[in-house]
Every structure is written in C-alpha cells, then in structure tokens.
Amino acid sequence: MRRFSWFNATALSLGFAFLYIPMIILVVYSFNASKLVTVWAGFSTQWYGELIRNEEFLNAAWVTIKVAVMSSTIATVLGTMAAYVLVRAGRFSGRTLFSGMIYAPLVMPEVITGLSLLLLFIGIGLDRGVLTIVLAHTTFSMCYVSVVVSSRLVSFDQSLEEAALDLGCSAFDAFRLVTLPIIAPAVISGWLLAFTLSLDDLVIASFTTGPSATTLPIKIFSAVRLGVSPEINALSTIMIAIVTVGVITASLITKQAAVRQARDERMAERPA
Amino acid sequence: MSQTVFAPWNDPDEKPLIQFRNVTKRFGDFIAIDNLTQDIYAKEFFALLGPSGCGKTTMMRMLAGFEAPTKGQIFIAGQDMARIPPNKRAVNMMFQSYALFPHLSVWDNIAFGLKREGKDKDAIAARVDEMLRLTRLSKFAKRKPHQISGGQRQRVALARSLAKAPKLLLLDEPLGALDKKLRQDTQFELMDIQEKTGTTFVIVTHDQEEAMTVASRVAVMDEGQIIQVATPAQIYEAPNSVYVADFIGDVNIISGRAKPNGEKVAIHWAEGQPDIIGTTATKFEAGQEIHFAIRPEKVAISTEEPADAANKTKGKVLDIAYLGNISTYHVELPTGHVVKAQTANTRRLSRRVITWEDPVWVSWTDTAGVLLER
Ligand SMILES: Nc1ncnc2c1ncn2[C@@H]1O[C@H](COP(=O)(O)OP(=O)(O)OP(=O)(O)O)[C@@H](O)[C@H]1O
Ligand SMILES: [Mg+2]
C-alpha cells in the first residue's frame with residue numbers, strides 16, 4: 001500500500017474543494033427558506049414545489065431534452081460514419097481536405113458557428129425553433145463524436161473485419177456485427193459527449209432559436225439577469241442529481257458486466 | 001485395382017483449382033509477389049515455405065480476396081477472381097493473427113460463418129459442437145477469446161475456418177503455437193478432414209517437418225518468387241538449388257569446379273584433396289561452378305578407413321550434437337571445411353566409440369549427394 005504523504009493529501013483536498021465547493025453552496029442554498037440567496041433562513045423545499053408549478057421552466061426542460069436526444073443521436077450516426085470513412089477508406093483524393101473540414105468546427109468560435117447557421121436558416125427561409133436548434137447542435141457536436149470514434153477505430157484491428165467478410169458477411173454486416181459492437185463504448189461516450197454539449201449550450205442555441213423554443217440554458221441565463229433566485233438553485237440541483245444518478249448507473253452496469261463475465265468463466269471451466 | 005498415386009500435377013488433362021497467372025503484387029515500390037505463375041489442384045495439400053517476409057501471407061490474402069494483384073490474374077475453378085469480393089468466394093482463411101472476434105464467445109466465434117449461411121439452429125449447434133470436439137475446446141465454449149491461452153486461441157481460429165467446410169481452406173501458420181503432441185494430432189486431423197471432405201488446403205508453415213508430414217506438394221519461396229515446387233520427398237532428396245537444399249533440413253554444401261566424366265561428374269573443390277564424385281542428369285561444362293549438397297545422414301563416419309567408398313576424406317571431430325535418437329558429428333577437414341555426419345544412436349551413450357578430437361573418416365557413395373548449378 002502506498003501511503004498518502006502530507007503533500008498529496010493537501011493537493012487532493014484543494015483540488016476537490018476547488019471542484020465541488022461552488023456546487024455544494026448551490027445545493028445548500030436551494031434548500032434555503034429565504035428568498036434572498038445569500039441569507040440562510042432555515043431548511044425548506046418550497047423552491048422545488050414552485051419549480052414544478054413553473055410551466056416556463058418545465059417547457060424549457062422538455063425542449064432541452066428533446067433537442068439533446070435528437071441532435072446527439074443524429075450527430076452520433078453521422079460522426080461515426082465520418083470517422084469510419086476517414087480511418088478506413090485509406091488514401092482517397094481530398095482526404096486531407098475532408099478530415100480538415102470535419103474537425104474545423106472544433107476550433108471555430110461558437111459565436112461564428114451560431115451566426116453562420118443563423119444566416120443559413122434565414123437564407124433558406126427555415127422557421128427558427130426546435131428543428132433549427134437540433135440541426136445546429138448536430139453540426140457542432142458531430143465533430144466531437146467523430147474525434148472520439150476515430151481514435152478508437154485507429155487502434156481497431158482491421159483483420160477482424162476481413163475475417164467477418166471471409167466468413168460470408170457483406171460489408172454492412174461486418175460493420176454491424178463486428179465493428180460496431182467492439183467500438184460501442186466509444187460510440188456511446190461520443191453520444192454522451194454530444195448530449196452534454198447540447199444540454200448546456202447557450203451561445204449556438206441563442207442564435208438559432210426562435211420564440212417557440214426556449215432551452216433551459218437560455219431560460220436560466222435570462223432569469224439570472226433579473227437576479228439569482230432560489231428556484232434556479234433548485235433547478236440546478238436537479239440537474240446535478242440527474243447527472244450523478246446517470247454516472248452511478250453507468251458504472252454499476254459496467255461492474256455488473258464484469259461480475260457476469262467472471263461467472264461465465266467459472267461455468268466454462270467446469271468439465272463438460 | 002492398384003491404388004494410384006495422387007499426382008494431378010503430372011496429369012495434363014487435370015484442370016487446376018487455383019491458377020496464378022503472372023501475378024505481381026506491389027506495395028508502393030516494394031514487390032511482394034514477383035511475376036508468379038503456379039497451379040494448385042483440387043484436393044491438394046499445398047504447403048508454402050519460406051523465410052519471413054517472402055510473400056506467403058500476401059499470396060493467401062490474394063486468394064481470399066483481401067488484396068488484388070497489381071498485375072496478372074488469379075483463377076479459382078476457372079473463374080477470374082478479379083471482381084469477386086471475399087464474402088462471395090468459397091474460400092475460408094485462418095489468419096496468422098487469428099482475428100478472433102473479442103466480443104463473442106468461443107462458441108459464437110465458431111458459429112459466426114454458419115449463421116451467415118442462414119442454416120437452422122440445430123444444424124449450427126451440431127456443427128459447432130463437432131468443431132469444438134475436434135479442436136478439444138468443448139470446455140471453453142463459453143469463454144471469450146481473452147480468457148483462453150494462445151494455443152487455445154489458435155485452435156478457435158482453426159475451428160472457425162473449418163466450420164463452413166469450404167472448398168478451399170487457407171491456413172496461415174495454423175499450428176505454430178501448439179505443443180508437439182497436439183500439433184501432430186491436429187496435423188493428422190487436418191489430413192483426415194481433407195480425405196473426408198476433399199477440401200483443398202493451402203497452408204503456410206515455418207515447420208519443415210509439418211510441411212513434410214501433411215503436404216502433397218511443397219513450394220519453397222524467396223522474395224516473392226517460388227523457387228521450387230515438388231513433393232516433400234523430391235524437395236528433400238532433389239532440391240533444385242542451394243537455397244532450397246539449405247532451407248529444407250540440414251545439409252553440407254561444398255562448392256567447386258565441374259569436371260564432367262561420362263555419367264559422372266568430378267568436383268575439384270580443394271587443392272590436395274581427391275575430387276568428389278557425383279552423379280547427375282544435368283549437363284555440366286568443364287570448369288563450371290558447381291555445388292555439391294549432401295544430407296548429414298548420408299555421410300558415414302568411421303574410425304577405420306572405409307574400404308570401398310566412392311568418396312572419403314579424413315578429418316577431426318570438432319563437435320558432437322547429441323539429439324537423443326541421433327547424433328550429429330561436426331568433422332573438420334584439413335581444408336577448413338566442416339562436414340556434418342549423422343548417425344542413429346543404436347547404442348547407449350557410454351559405449352560410443354567416437355568422441356571429441358578423434359581423427360575420423362567421413363565417406364559417402366557417388367549417388368548420395370546432389371549436384372547443383374546455383
Ligand atoms: N499492406 C502492406 N503494405 C506494405 N508492405 C506490405 C504490406 N503487406 C505486406 N507487405 C510486405 O510484403 C512482404 C511480404 O509480406 P507477407 O506478409 O506476405 O510475408 P510472409 O511471407 O507472410 O512473412 P511471415 O512469415 O513473417 O508471416 C513483406 O516484406 C511485407 O513487409
Ligand atoms: Mg505471414
């Protein structure tokens with residue numbers, strides 16, 4: 001066992017404090033009975049009650065989730081396809097240009113992306129709303145997915161696909177039955193990345209949204225401009241809770257898979 | 001009815017199953033296969049032998065359809081394969097790297113190809129179980145590839161390629177990671193499968209003994225070319241070049257100048273030494289460079305001067321390699337040449353008469369060696 005030195009312990013607590021103190025303050029004040037954010041007046045859950053009755057917030061939450069699910073799903077499909085082509089197709093003419101163009105939005109200032117999308121939507125006369133935010137989010141999160149997936153594909157042993165072809169698969173079946181299951185963790189983390197990016201995007205959503213579709217970040221941002229309210233703290237606490245539950249569930253599923261595998265192994269060892 | 005020898009390559013009416021026609025494969029500037037022409041017949045057990053990087057795997061990959069020839073054509077059963085994708089070829093390959101599917105169990109790996117054929121469940125299960133028994137993997141059916149040993153993985157790869165019972169099976173070093181006993185068993189299994197199903201095998205191996213055991217013909221390759229194709233016995237007894245003689249088995253090579261003398265050829269190889277007398281069907285010019293190749297087991301060693309040997313010379317024992325059933329004596333001649341002589345150990349070690357530094361005679365008949373131009 002390696003023991004924690006005094007230095008390590010301090011560094012660790014400082015790091016964690018830096019990460020979590022703001023969030024802890026936020027969570028604590030969401031249970032504040034006072035309307036004043038900075039004055040503690042006893043424990044209460046009244047702000048959560050008000051939040052549930054606040055239809056504007058609920059609508060915004062619903063829009064946000066819809067947008068995040070749709071855009072991250074489309075981005076995952078497109079991003080995975082792009083990554084596959086870039087890694088697998090070898091050297092075709094224009095490959096460098098193509099890969100450069102996929103990764104450009106990664107470094108493009110969000111304001112520029114948002115503005116250009118806005119101009120595009122106005123140009124083609126698309127009414128701004130949920131659809132336009134979904135398109136915009138797909139555009140910028142797709143390159144993140146493709147970065148994650150292509151880094152996995154680079155280390156993927158191509159002879160596995162050849163073996164699948166050799167055993168009678170079509171190219172599509174080889175991808176579906178062999179490549180995809182193996183790179184699935186990367187695809188899923190690409191999806192999660194795209195989902196979170198969409199969930200908390202403010203800039204691009206502001207550019208591409210219309211009066212009919214207000215996402216949660218936009219709602220929170222405009223509400224905070226009128227002053228921080230305990231209601232917002234409550235909303236943020238719920239978001240933290242959702243994320244925490246998600247992460248714990250994911251790790252539990254992984255652990256369960258490991259346990260199942262160990263059991264399979266024991267069973268396989270028993271003489272037939 | 002007497003049993004006929006299996007030698008379709010000698011039958012002018014026989015149609016080859018595989019035809020390489022002036023096939024060249026380049027990777028950039030590098031020539032991996034160099035203008036290769038070769039026929040392989042149905043039901044053959046064709047072994048490819050050669051040093052690392054000589055193009056064995058590349059030949060296999062072109063047959064399986066993963067690489068297209070840069071030049072030339074490949075025919076399988078008379079059909080030009082240029083436009084046929086791997087999944088439309090009645091060919092299965094066992095990969096040198098195994099290429100097992102890591103997310104599938106051993107059972108599912110073997111069943112993979114069968115499921116693609118759309119067979120019914122019971123037929124698949126029966127076939128997979130048969131393959132598992134054959135490769136002695138029944139105990140490991142439920143494990144994932146990363147939970148079994150290297151040799152077991154190799155057997156899974158073998159079972160997976162055998163499962164579909166293809167017309168043509170390509171095995172890229174199928175038995176390298178197995179221990180000797182299991183390897184021999186599997187070799188006989190392969191020959192058995194071949195006899196039962198009439199499958200044609202093309203097999204890459206680094207193990208000459210394996211090639212000798214299983215192959216109907218052996219092709220010795222070097223730098224993208226086939227140097228010699230012949231039955232194992234011919235390759236061993238009548239190699240066509242120093243390269244082949246040296247590559248297959250142990251051999252003594254003595255180079256000199258030819259002095260043709262009727263049926264026989266005398267080789268002048270060192271000043272003050274009697275010429276080596278050999279027989280050959282090839283014509284040699286007087287003074288032409290010539291290489292004499294003789295296997296160690298065809299060189300006799302004795303303490304007394306042999307009375308009636310066509311070739312004999314004196315030397316001193318430099319080293320003895322004891323291999324259990326046989327011993328190899330390294331005998332140094334006064335010229336500095338070292339000749340290896342092999343004898344069967346029919347007596348116990350303690351009773352052996354020849355030992356280090358002993359003066360000995362080495363001798364051989366005039367038909368024991370082969371005379372090579374290159
Ligand atoms: N995709 C490729 N790109 C470039 N060169 C290649 C490629 N594949 C093979 N080669 C080269 O072609 C030559 C023949 O390779 P091949 O794999 O056929 O060798 P091999 O005879 O199977 O060797 P080993 O016994 O080591 O498996 C090698 O020199 C190798 O470096
Ligand atoms: Mg190879």
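First the proteins, then the strands, lettered A, B, ... as listed; each starts at 1. None of the values given here were measured: they were computed from a predicted structure.
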Atom pair CG/OH of A:Leu160 and B:Tyr98 - distance to nearest 0.5 Å: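 It is 14.0 Å, given to the nearest 0.5 Å.
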Heavy-atom count check: over 12 atoms from other residues, nucleotides or ligands less than 6.0 Å from [X] [atom1]?
X	atom1	answer
B:Phe27	CZ	yes
B:Glu117	CD	yes
B:Arg136	CZ	no
A:Arg176	CZ	yes

Residue part contacting chain B, namely of A:Ala174, when any heavy atom lies under 4.5 Å: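 No part of it gets close to chain B.
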State, with a plain yes or no, whether a side-chain heavy atom of [X] is found less than 4.5 Å away from one of [Y].
X	Y	result
A:Asp157	B:Phe95	no
A:Pro181	B:Leu104	no
A:Leu165	B:Pro85	no

Main-chain N/O of A:Leu177 paired with B:His103 side-chain donor or acceptor, under 3.5 Å: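 Judged by distance alone, yes, a pair lies under 3.5 Å.
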Considering all heavy atoms, the nearest [X]-[Y] contact:
X	Y	result
B:Val91	A:Asp166	O-OD1, 3.5 Å
B:Asn87	A:Gly168	CB-C, 3.8 Å
A:Ser159	B:Ser97	OG-OG, 3.6 Å
A:Leu167	B:Arg160	CD1-CD, 3.6 Å
A:Cys169	B:Phe112	SG-CE2, 3.4 Å

Part of B:Leu100 within contact of chain A (heavy atom distance under 4.5 Å):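 Interface part for B:Leu100: backbone (N, CA, C, O).
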Side chain, backbone, both or neither: which part of B:Arg61 has a non-hydrogen atom closer than 4.5 Å to chain A?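 Just the side chain, heavy atoms under 4.5 Å.
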